[in-house]
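These numbers come from the heavy atoms of this one structure, side chains and all, not from hydrogens, waters or symmetry mates. First the proteins, then the strands, lettered A, B, ... as listed; each starts at 1.
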2 protein chains.
Amino acid sequence: MQNRVLLVEDDDELRELLARYLSGQGFTVREAANGKDGLALALGQHCDIVVLDIMLPDINGLEVLRELRSQTHLPVVLLTARGDETDRIVGFEVGADDYIPKPCNPRELVARLQAILRRVAWDQKTEVKAEQRYGDLRIETNHRRIYQNDEALDLTATEYEILQVLLAHAGSVVRKTDLMQWALGRRLEAFDRTLDMHISNLRKKLGSDDSPRIETVRGLGYSYRVSE
Amino acid sequence: MQNRVLLVEDDDELRELLARYLSGQGFTVREAANGKDGLALALGQHCDIVVLDIMLPDINGLEVLRELRSQTHLPVVLLTARGDETDRIVGFEVGADDYIPKPCNPRELVARLQAILRRVAWDQKTEVKAEQRYGDLRIETNHRRIYQNDEALDLTATEYEILQVLLAHAGSVVRKTDLMQWALGRRLEAFDRTLDMHISNLRKKLGSDDSPRIETVRGLGYSYRVSE
DNA sequence: ATGCCATGTAAAGGTTCTGCAAAGGACCAT
DNA sequence: ATGGTCCTTTGCAGAACCTTTACATGGCAT
C-alpha cells in the first residue's frame, strides 16, 4: 500500500522537486503552497504524514503544527532553513516528529519519513473508531461528545480532550507531561496546576463511585480505571 | 517515573557529558562503552530508548542496531560523525528512529528523544498488554502494576521500579550501585540507606514466606529468588 | 572472642505531590 | 458594558512518599 504524504511548501520549485522524488519512491503526494491550504488538507484529506515548511507566506508553520496537534496526532516532519536552532527546539516542543534542515537530501527525507511511518505502523495496530465504549461511557469522536449511560456529559472543550486521551489509554497510566501535551497542547511547566484542576472537575462530573474512575498515580500521572 | 535512556558511546568524555545532561533533564541514564555491553543492556530491557554511536570499538553500531531490530522495536537514535551520509541512510534502512550528527547539541538530543518517546507513548495505547510472570508475581508494564496471585500489590513508584529491576534480573544478583542507578536514578553515596529501607518495605509487602524472596548478597546487592 | 562493617528496621523528619476552593483573567455573545 | 463560560493561578491543607537517624542484628576476618 502506498503511503500518502502531504507536502506543505511555498517554494514551487522545491515542492515540485520533492513531489516528483517522493512519487518515484512510491508515495502518493498531495501538495499545498501555504499554511491555510495545508491545514485544510491535513485535516480533511486522508494522509499518513505531513512535511511542513516553517517559513510560509501566510500562517507560520509552527502555528500550523500547533493547530494540527490540537486535533490530531498525525506525524509531522518540519522543514526549515539550516541553523535555525530556536525553531528546531520549539518545533519539537510543539509536537513535531522530526526536523530536516533545508536544503535537504531527498534520500534522507524519504529515509526519515519511512522511519516515522515504520514506527507508527508498528505501534498503531487498530484504527480509531468514530464511537467507542468504555464501561458505561460512550465517546463519539466526531461530535466530540461523551455519554454516560446514554446521557451526555456536560464537558468543556479541555475536559473533553483530557477524558478522551485518558479513555484512549484506558487502563494505562498517562503521564502528566504527555497528558498536557496531548490534551492541552503545551508543555507542562513546574508549578502548573491546571491539569489537576481539570481532573478535579472531571471527577466531579463523572459522579462519585466508591473509588474514583480517574486514578491518581502519584509522581506520574493519571489513569482511567477499567471495569472488571 | 522517568524515561530511561541507554547511552552507547565509547568516548568516555562525551558519554559522561551527555549522561550528566540527560540526568539533569529528568532521564534515568544507563551507560555502555562498547557494542557488546550495549546490546546486552538493551536486550535486558530496562530502557525506553537507546542512543547509539555508530563508531564503536568492537561491534559496529549498525550491526548492534540490526541485531536489536531482530528482537525488538525499542526506539534507537543513531549518533555519528557529521557528513557521513551513507551511514545515515543505511541507519534508517536498518530501522533507526532518528539520526543525530556529532558533535550534537544536547538540547537538540533531548528534544529529539522526547519527540520519539511522545510518539511511542501515544501509539502504544493500542499495544497488547506487556505482561510477564515470575512465579506468583505478574507484572503489567503499562499499568505499572505488579500482581501477586492476581491481587495488585500496593507499591510506591520507587518500590515498583526496584522490584521491576530485580524481577528482570530474577535469579541473578543486582549490585546496589546498579539498583540505585536504575531504579532511583542517582548514584549510591556512602551512608545512604535509602535502598535498604525500600527493600525492607518491599519484603514486608511481598509477604513472609519461609525464606525471603528478595535475597541479600552481602557486600554486593540483592537478588530475586526464582522458584524451583 | 572481638571488632568492624554491612544490613534490618522502626520511627522521625522533611519534602514533594495532590485535591480543592476561591479568585483572577481571557474571551465571547448579547 | 454586562454577564457568562471557561481556563488558569493562587493558596492552603493534607496525604503520600522518600530519606535520615538511631539502634539492633548478624556475618566475617583477625
Side-chain angles (χ1 to χ4, degrees), chain A residues 66 70 144-146 152-166 173-177 179-209 211-223, chain B residues 1-2 26 28 144-145 152-163 165-166 173-209 211-223 225:
Chain A
R66 197 169 289 128
S70 73
R144 296 174 63 84
R145 284 228 182 89
I146 301 182
L153 287 170
D154 183 24
L155 303 178
T156 69
T158 306
E159 286 164 2
Y160 170 86
E161 287 296 331
I162 291 176
L163 186 51
Q164 191 253 335
V165 171
L166 287 177
V173 180
V174 181
R175 288 166 207 232
K176 283 179 127 175
T177 59
L179 193 51
M180 195 70 181
Q181 189 73 61
W182 295 336
L184 285 281
R186 64 171 202 261
R187 279 220 311 187
L188 177 63
E189 305 287 347
F191 308 119
D192 188 335
R193 312 295 314 283
T194 307
L195 213 43
D196 307 62
M197 278 314 305
H198 287 300
I199 293 286
S200 173
N201 295 331
L202 259 177
R203 282 183 172 143
K204 247 180 278 177
K205 292 188 180 178
L206 282 170
S208 50
D209 303 330
S211 58
R213 289 150 179 264
I214 298 177
E215 292 174 347
T216 302
V217 182
R218 191 186 157 82
L220 250 190
Y222 298 94
S223 111
Chain B
M1 191 65 137
Q2 319 183 9
T28 301
R144 214 150 213 290
R145 287 223 185 97
L153 289 170
D154 183 24
L155 303 178
T156 69
T158 306
E159 287 163 2
Y160 172 88
E161 290 293 332
I162 291 176
L163 186 50
V165 170
L166 288 176
V173 182
V174 181
R175 277 182 288 193
K176 283 179 114 171
T177 59
D178 290 340
L179 194 51
M180 195 70 181
Q181 187 72 60
W182 298 342
L184 285 281
R186 64 172 202 259
R187 288 237 308 261
L188 177 62
E189 305 286 348
F191 308 118
D192 188 337
R193 311 295 315 283
T194 306
L195 211 45
D196 306 65
M197 276 314 305
H198 286 301
I199 293 286
S200 172
N201 294 330
L202 259 178
R203 283 181 172 146
K204 243 182 282 179
K205 292 187 180 178
L206 282 170
S208 49
D209 304 329
S211 58
R213 288 151 179 265
I214 298 177
E215 292 172 345
T216 302
V217 182
R218 193 187 159 81
L220 249 186
Y222 299 94
S223 106
R225 180 167 48 77

task: Using atom CD of A:Glu159 as one end and atom P of D:dT8 as the other, report the distance to the nearest whole Å.
output: 11 Å
message: Looking at C:dT7, I'd like to know if its phosphate oxygens (OP1 or OP2) sit under 4.0 Å from a side-chain N or O belonging to B:Lys176.
response: yes
statement: Rounded to whole Å, CG of A:Leu188 lies from P of D:dT8 at a distance of 12 Å
task: Would you mind telling me which of C:dT9, D:dT8, C:dG19 lies closest to the side-chain atoms of A:Thr216?
output: C:dG19
- request: Output yes when at least one side-chain N/O atom of B:Lys204 is less than 4.0 Å from OP1 or OP2 of C:dG8, else no.
  value: no
statement: Which of D:dT19, D:dC18, D:dT8 is nearest the side chain of A:Thr194? It is D:dT8
- request: Check every strand shown and say whether B:Ile199 touches a base, only sugar-phosphate, or nothing at a heavy-atom separation below 4.0 Å.
  value: nothing
Donor-acceptor pair present, A:Arg203 side chain and C:dG19 base, under 3.5 Å: no
- prompt: CD of A:Glu215 versus P of C:dG19: gap in Å, rounded?
  reply: 12 Å
- prompt: Atom CZ of B:Phe191 to atom C1' of C:dT7: distance rounded to whole Å?
  reply: 14 Å
field: Sugar-phosphate only, base, or nothing, as touched by B:Asp192 at under 4.0 Å among non-hydrogen atoms
entry: sugar-phosphate
Out of C:dG19, D:dT19, D:dT9, whichever nucleotide has its closest atom nearest the side chain of A:Tyr222: C:dG19
- prompt: For B:Ile214 and C:dT7, what is the distance between atoms CD1 and C1' respectively, to the nearest whole Å?
  reply: 14 Å
task: Let me know the distance between CG of A:Asn201 and P of C:dT18, rounded to the nearest Å.
output: 17 Å
- request: Identify which nucleotide among D:dC17, C:dA6, C:dC20 has an atom closest to any side-chain atom of B:Arg218, counting heavy atoms from C-beta outward.
  value: C:dA6
query: Is A:Thr158 near enough to D:dC7 that one of its side-chain N or O atoms lies under 4.0 angstrom from OP1 or OP2?
result: yes
- request: To the nearest 0.5 angstrom, please state how far the NE2 atom of A:His198 sits from the CE atom of A:Met180.
  value: 8.0 Å
message: Rounded to the nearest 0.5 Å, what separates atom CZ in A:Arg203 from atom OH in A:Tyr222?
response: 6.0 Å
- line: Here the gap from A:Leu184 atom CG to A:Lys176 atom NZ, rounded to the nearest 0.5 Å, amounts to 12.0 Å
- request: Decide yes or no on side chain to side chain contact (heavy atoms under 4.5 Å, CB included) for B:Leu202 and B:Leu155, but give the supporting numbers first.
  value: CA-CA 8 Å; B:Leu202 259 178; B:Leu155 303 178; 3.9 Å; yes
query: When the distance from CG of B:Leu195 to P of C:dT9 is rounded to whole Å, what number comes out?
result: 14 Å
field: A:Thr156 side-chain proximity, nearest of C:dC20, D:dC6, C:dG8
entry: D:dC6
statement: In whole angstroms, the gap separating P of D:dG26 from CG of B:Asp196 amounts to 16 Å
- prompt: Looking at D:dT8, D:dA22, D:dT9, which one has an atom nearest to any side-chain atom of A:Arg186?
  reply: D:dT8
- prompt: So does B:His198 get a side-chain nitrogen or oxygen closer than 4.0 Å to the phosphate oxygens (OP1/OP2) of D:dT19?
  reply: yes
message: So B:Gln181 and B:Arg186, do their side chains get closer than 4.5 Å, heavy atoms only?
response: no
- line: Of all heavy-atom pairs linking A:Ala183 and A:Ile162, the shortest is CB-CG1, 3.7 Å
